[in-house]
Amino acid sequence: MRKRYPKNLKKWQEFWEKEKIYKFDEKSNKQIYSVDTPPPTVSGKMHIGHLFSYTHQDVIIRFHRMKGENIFYPFGTDDNGLPTERFVEKQKRVKSARMKRSAFVNLCQQTVKELKPKFIQNWKDIGLSADFDYSYSTIDKHCQKISQSMFIELYNKKRVYRKQAPIMWCPTCQTAIAQAELEDRERESFLTYVKVNVIDTDTHIIFATTRPELLPACVGISVHPTDKRYKKLIGKKVKMPITGAEIAITADEKTNKNYGSGVVYYCSYGGVECIDWLARHPKVKPINIMGKDGKFNESAGKYAGMTSLQAREKIVLDLIKLNAITKQQKIKHIVNTHDRCGTDIEFIATKQWFIKYLDLKQEFIELGTKINWHPKYMRIRFENWVKGLQWDWCISRQRFFGVPFPVWYCKKCGKHKLADIKNLPVDPLKHKPKTKCSCGSNKFIPEQDILDTWATSSLTPQIAVELLKNKKLGKNIFPMSLRPQAHDIINTWLFYALARGKLHFNKIPWKNILISGFALDPKGEKMSKSKGNIVEPPKVIKKYPVDALRYWSAEASLGRDLRYDEEELKNGHRLMTKLWNASRFSFSRLKNFNGSKPDKLEPLDKWLFSKLQTTIKNSTDYFEKYEFAKAKKEIEDFFWKTFCDNYLELVKYRLYSRKNKQAKQSARYTLYTTLFAILKLWAPIIPYITEEIYQSNFRKLEKTKSIHITKWPEYNKELVDKEIERKTQTLIDLIAIIRKEKSNKGYSLKKEIRNLTISADKNIIQSLTDFLEDLKAIGNISFIGFGNFTLADQNIITVNPNLKVKIVF
RNA sequence: GGACGGUUAGCUCAGUUGGUUAGAGCGCUGCGUUCACAUCGCAGAGGCCACAGGUUCGAGUCCUGUAUCGUCCACCA
């Protein structure tokens, strides 16, 4: 009777949870393998990319668990800061700016709470073998406490500072952002050429700009010192149209003679280059015309209240009226936008908190070399990023739902007042400092800003370790064994965490980094909401088993992107069916098997054991090197080709036989042992079906509760028998020839061969004598003879130079 | 402009340190099975290994350059 394997998603999940199969044992002495699991953001849905990269880590972790290591695999969620706020605003159709802060924060908390159980269930469904008893949320008290105390530590180390400075600002989100949050976008724009008169001369000068609206903030004009066109004008002043401001023409080597007109005008905070220019011209006082809301302020004169775009239009018109525009050239250029909302960033001067780390760039790079990167080349991406850093890390955000700064400011003297570590976590908006300011005052102004989410999530190694009840153990766990993540957050999560490791402990946070690629759509394009090509695993799981999805995920080489096409899931599905059926067949021939070893193994059984050892060795080595895709291929080849196509077919007659008890016993033992090993090898990749097969067949004899905590198959060198492998290969070659001959003649593979004559050299005949019974059975051969052929003989088939056969049907 | 990675069969991908006729799965074409296999097995067709040079007795594999795709970074106002 045909039978399909059962899909028992819930059943096994509940079993694993109830039996605590993935429990971390704080009391054990076993070697610990610890994982700094990426906390997914609770805003939004799980997508196929999550499944992809989380499967990678889970496969590796399941392997280590079966090797007998004590797995510390906590699970956290990231649920605060801008992404969460934006999600809540959208979901609940509110605007944080129009609400009372406390009401909005409550709404965020409530929304996250509602959403979380279902969200986490998605991760359980994909078979993640994390220990959910060790859970955290980046907004919970535990994380707040760590985040705040680490902030205080850096403050005391003089690694954080607060400063009025031009900072990248998102007018939409109305908050400061960090370099890592920038995203490039291409924009079509105009390069506007503006003519201005040079005072005390009858000449003029033309500068080119993409941002004419910043004219009211213009503080300088530069040309290259060697530019012949303008050399004589250096030191003179120009009179700006509209504002009438008098601006000096300066020489600046950074000016490119060949771009535009070779003249640049600098407007306070128009962009990075303006800030650089200001830094080189310290005597020049910037004019800040951009307000926090992205609109011009009073300093912009009659353009106050306008956005950049509105002002641009207006100013260009005004300049045209004054006949000050000589031409407008259409160009495409790249602008920096905020990665969360796509708004063009602005620079404004505000007070922000920074972590000082630019001086440590070289140290970060060195620290990076102490970690094992899988794949290796991903380290270079990290280095590139570090080398390109040009700002200290701005960690304050003018948002609402997040970890507060544990800071107040003295009303009287303005000094910073930090919370006492033992009182953490604190919310300065709700709590007051326990002691007076050093100036004697007890009146304080609370810090309103919240910490950048990365400032907290960069501490996940500490957050995870401090979940342990046994505090001593924590020291052994840090640095953690593994940081798994995708390549898109090397610049953020990975870099920041490594930076924190340096700043706080002068240590690497993890020994290994596993970088996954992306799941792309069938066309090879990145999945995104705007393209509408996002795939949600919960929906796919309704159609295909989770194991098929995991099987697909494990196909990807380290760090490589993989196209997702639902068609590809059929491969995994097929494998599962095959595994299920091979097991079903095996156990139909293993009734009353009691595990006893035969006195001696038949040659074919020795061969299978020998081949199995190679598979175990290779796949184990690959898993050790985090190369799960190669391990998978190794296992699959052995299972499908060696075990199913060859061994099972060859052993059937022995399993059915009633005559030779010894040979049958050898077959039964080999079948049981090998299939069990195969199942274990597959377990990290396809945990559901392997558990199903284990429980319904092996559990009777094996004591272990779950296949996922059985012992990983061990390579046994003594079972390797190259001689028998060589001999058996001859048999397999011969069988292939027989099958081919039958196929060519259009016969059934079961067609009887009346006489098979073999002509071969002595060694080969020797090899084959061990397998004559096997050969007869699989080829349905009545008689096998040996002899030499003469030239007169017909229908001679050459298997290889040393082996020829003649088949008579 | 810089860095990294890719470019191998119609499709998705393997190809270890350079070594004989380049592999798998899907798809396609035959044939055979339906008493493990809502299938499976066997056989077959299909590749100038992106392109051009070079090193070598020998290059998909190493070097140089070009093209192209992807990602990240930097950009000129």
Side-chain angles (χ1 to χ4, degrees), chain A residues 1-5 179 182-184 191-192 207-212 214 221-222 252 254-267 270-274 276-277 331 333-336 375-390 487-488 490-491 517-518 520 522 524-526 552 555-557 559-565 567-568 570-572 574-575 577-589 618 622 627 629-630 632-634 636-637 640-641 644-645 648-649 652 655-656 735-736 738-751:
Chain A
M1 202 191 83
R2 281 170 179 159
K3 208 178 141 197
R4 193 174 208 172
Y5 61 85
Q179 192 179 345
L182 297 180
E183 195 174 88
D184 292 350
L191 190 58
T192 304
F207 61 81
T209 178
T210 53
R211 302 201 64 183
L214 294 176
I221 287 188
S222 284
D252 185 20
K254 293 249 170 160
T255 312
N256 182 342
K257 287 189 267 189
N258 303 319
Y259 190 89
S261 60
V263 184
V264 196
Y265 94 136
Y266 289 104
C267 304
V272 184
E273 62 291 338
C274 297
D276 274 354
W277 187 89
I331 55 160
H333 69 151
I334 307 288
V335 295
N336 284 321
K376 283 199 179 77
Y377 62 78
M378 287 295 179
R379 187 171 61 81
I380 297 167
R381 289 204 191 183
F382 159 80
E383 283 188 10
N384 276 345
W385 170 253
V386 176
K387 283 176 191 158
L389 277 177
Q390 37 184 336
H487 59 56
D488 57 331
I490 291 176
N491 300 345
F518 272 140
L520 305 176
E525 288 177 27
K526 204 170 150 178
W552 164 79
E555 191 84 30
S557 303
R560 289 274 299 268
D561 296 343
L562 190 64
R563 291 173 197 210
Y564 171 82
D565 190 341
E567 278 297 300
E568 301 285 323
K570 289 184 178 159
N571 292 338
R574 225 165 44 93
L575 185 271
T577 310
K578 189 80 175 171
L579 193 59
W580 176 251
N581 281 313
S583 306
R584 213 157 55 82
F585 168 72
S586 301
F587 279 92
S588 74
R589 311 314 319 165
N618 292 345
Y622 282 135
E627 296 265 20
K630 287 181 181 168
K632 177 188 153 206
K633 194 171 188 299
E634 197 76 26
E636 181 157 3
D637 276 356
W640 206 296
K641 301 207 168 106
C644 292
D645 290 351
L648 284 187
E649 293 306 324
K652 267 179 186 166
L655 291 169
Y656 286 115
I735 290 167
I738 292 167
R739 281 173 175 168
K740 192 173 171 178
E741 187 61 15
K742 286 182 177 177
S743 187
N744 286 345
K745 290 225 154 71
Y747 292 145
S748 146
L749 291 181
K750 284 181 178 167
K751 168 86 179 174

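Note on naming: letters A, B, ... go to the chains in the order of the sequence lines (proteins, then strands), and numbering restarts at 1 for each one. Quantities reported herein were computed from a predicted structural model and do not represent experimental measurements.
Taking only side-chain atoms of A/Glu273, from C-beta outward, the nucleotide of B/rC76, B/rC72, B/rC26 with the closest atom is B/rC76. With B/rC75, B/rA36, B/rA14 as the choices, the nucleotide that has an atom nearest any side-chain atom of A/Glu649 turns out to be B/rA36. The side chain of A/Asn384 sits closest to B/rA3 out of B/rA3, B/rC26, B/rC73. In the set B/rC13, B/rA36, B/rC26, B/rA36 carries the atom at the smallest distance from any side-chain atom of A/Cys644. Nearest nucleotide to the A/Leu562 side chain, out of B/rC13, B/rA36, B/rC76: B/rC13. Candidate nucleotides B/rA77, B/rC75, B/rC40 were compared by shortest atom distance to the side chain of A/Val264, and B/rA77 ranks first. Considering only side-chain atoms of A/Trp640, the nucleotide from B/rA77, B/rG41, B/rG5 that sits closest is B/rG41. Distances from the side chain of A/Asp561 to the nucleotides B/rC75, B/rC72, B/rG70 place B/rG70 closest. Closest to the A/Thr255 side chain, of the nucleotides B/rG25, B/rA77, B/rA36, is B/rA77. Closest to the side chain of A/Lys641, out of B/rA24, B/rU71, B/rA77, is B/rA24.
The existence of a salt bridge linking A/Asp637 and A/Lys641 is confirmed by a sub-4.0 Å separation between a basic side-chain nitrogen and an acidic carboxylate oxygen.
Distances shorter than 4.0 Å separate none of the side-chain N or O atoms of A/Arg563 from OP1 or OP2 on B/rG70. The side chain of A/Gln179 contributes no N or O atom lying less than 4.0 Å from OP1 or OP2 of B/rC72. Using a 4.0 Å cut-off, no side-chain N or O of A/His487 falls inside it from OP1 or OP2 of B/rC4. The phosphate of B/rA38 (OP1 or OP2) has a side-chain N or O of A/Asn581 nearer than 4.0 angstrom. An OP1 or OP2 oxygen of B/rG5 is reached within less than 4.0 angstrom by no side-chain nitrogen or oxygen of A/Arg381.
Backbone-only engagement by A/Thr210 is indicated by non-hydrogen atom pairs under 4.0 Å involving sugar-phosphate atoms exclusively. Residue A/Ser557 is in sugar-phosphate contact alone, with no base atom involved, counting any heavy-atom pair closer than 4.0 Å across all strands shown. As judged by a 4.0 angstrom heavy-atom cut-off over every strand, A/Asn256 is placed among the base-contacting residues. Within 4.0 Å (heavy atoms only), A/Gly572 reaches no atom of the nucleic acid at all. As judged by a 4.0 angstrom heavy-atom cut-off over every strand, A/Leu520 is placed among residues making no nucleic acid contact. Heavy atoms of A/Asp488 sit nowhere under 4.0 angstrom from any nucleic acid atom. At a threshold of 4.0 angstrom between heavy atoms, the contacts of A/Lys633 are confined to the sugar-phosphate backbone, with no base atom among them. A/Arg560 comes within 4.0 angstrom of sugar-phosphate atoms only, judged by non-hydrogen atoms across all strands, and of no base. Contact annotation for A/Ile490: no contact, since no heavy-atom pair falls under 4.0 Å across all strands. Counting non-hydrogen atoms under 4.0 angstrom, A/Asp645 reaches the backbone sugars and phosphates but no base. Within 4.0 Å of A/Tyr656, counting heavy atoms only, lie sugar-phosphate atoms of the nucleic acid but no base atom.
Using C1' as the reference atom, B/rU61 and B/rA22 are 12 Å apart when rounded to the nearest Å. Taking atom P on both nucleotides, B/rC51 is separated from B/rA59 by 15 Å, rounded to a whole Å. A distance of about 43 Å separates the P atoms of B/rU66 and B/rC28, rounded to the whole Å. Of the C1' atoms belonging to B/rG6 and B/rA14, the separation is 15 Å, rounded to the nearest Å. Nucleotides B/rA74 and B/rC11, compared at atom P, are 36 Å apart to the nearest Å. If you take atom P in B/rG41 and the same atom in B/rC57, they sit 46 Å apart, rounded to whole Å. Taking atom C1' in both B/rC72 and B/rU21, one finds a spacing of 43 Å when rounded to whole Å. The same atom, P, is picked in B/rC73 and in B/rG54; the two are 40 Å apart, to the nearest Å.
The backbone N or O of A/Trp552 sits nowhere less than 3.5 Å from a side-chain atom of A/Glu568 that would complete a donor-acceptor pair. In this structure, the side chain of A/Lys742 engages the main chain of A/Lys751 through a donor-acceptor pair within 3.5 Å.
Within the cation-pi definition used here (under 6.0 Å to the ring centroid, within 45° of the axis), A/Lys652 qualifies as a partner of A/Phe585.
For the pair A/Asp637 CG and B/rG23 P, the computed distance is 14 Å after rounding to whole Å. One interatomic measurement links the two molecules: CZ of A/Phe382 to C1' of B/rA3, which rounds to 15 Å at whole-angstrom precision. Atom CZ of A/Phe587 and atom P of B/rA36 are 17 Å apart (whole Å). The nearest whole Å value for the distance from the CG atom in A/Leu648 to the C1' atom in B/rC40 is 12 Å.
Side-chain contact between A/Tyr266 and A/Asp252: present, with at least one pair of heavy atoms (C-beta onward) separated by less than 4.5 Å. Inter-residue side-chain proximity for A/Leu562 and A/Glu555 is flagged as met; some heavy-atom pair is nearer than 4.5 Å.
Both A/Lys630 and A/Ile380 lie close to RNA chain B; mapped to their nearest nucleotides by heavy-atom distance, the more 5′-ward contact belongs to A/Ile380.
Remark: the A/Glu741 side chain and the B/rA43 base include no donor-acceptor N/O pair separated by less than 3.5 Å.
A donor-acceptor contact closer than 3.5 angstrom is absent between the side chains of A/Asn384 and A/Arg381.
Residues passing the side-chain hydrogen bond (donor to acceptor under 3.5 Å, both in side chains) test with A/Glu634, sequence neighbours excluded: A/Asn618.
Classification of B/rA38 as syn follows from a glycosidic angle within 90° of 0.
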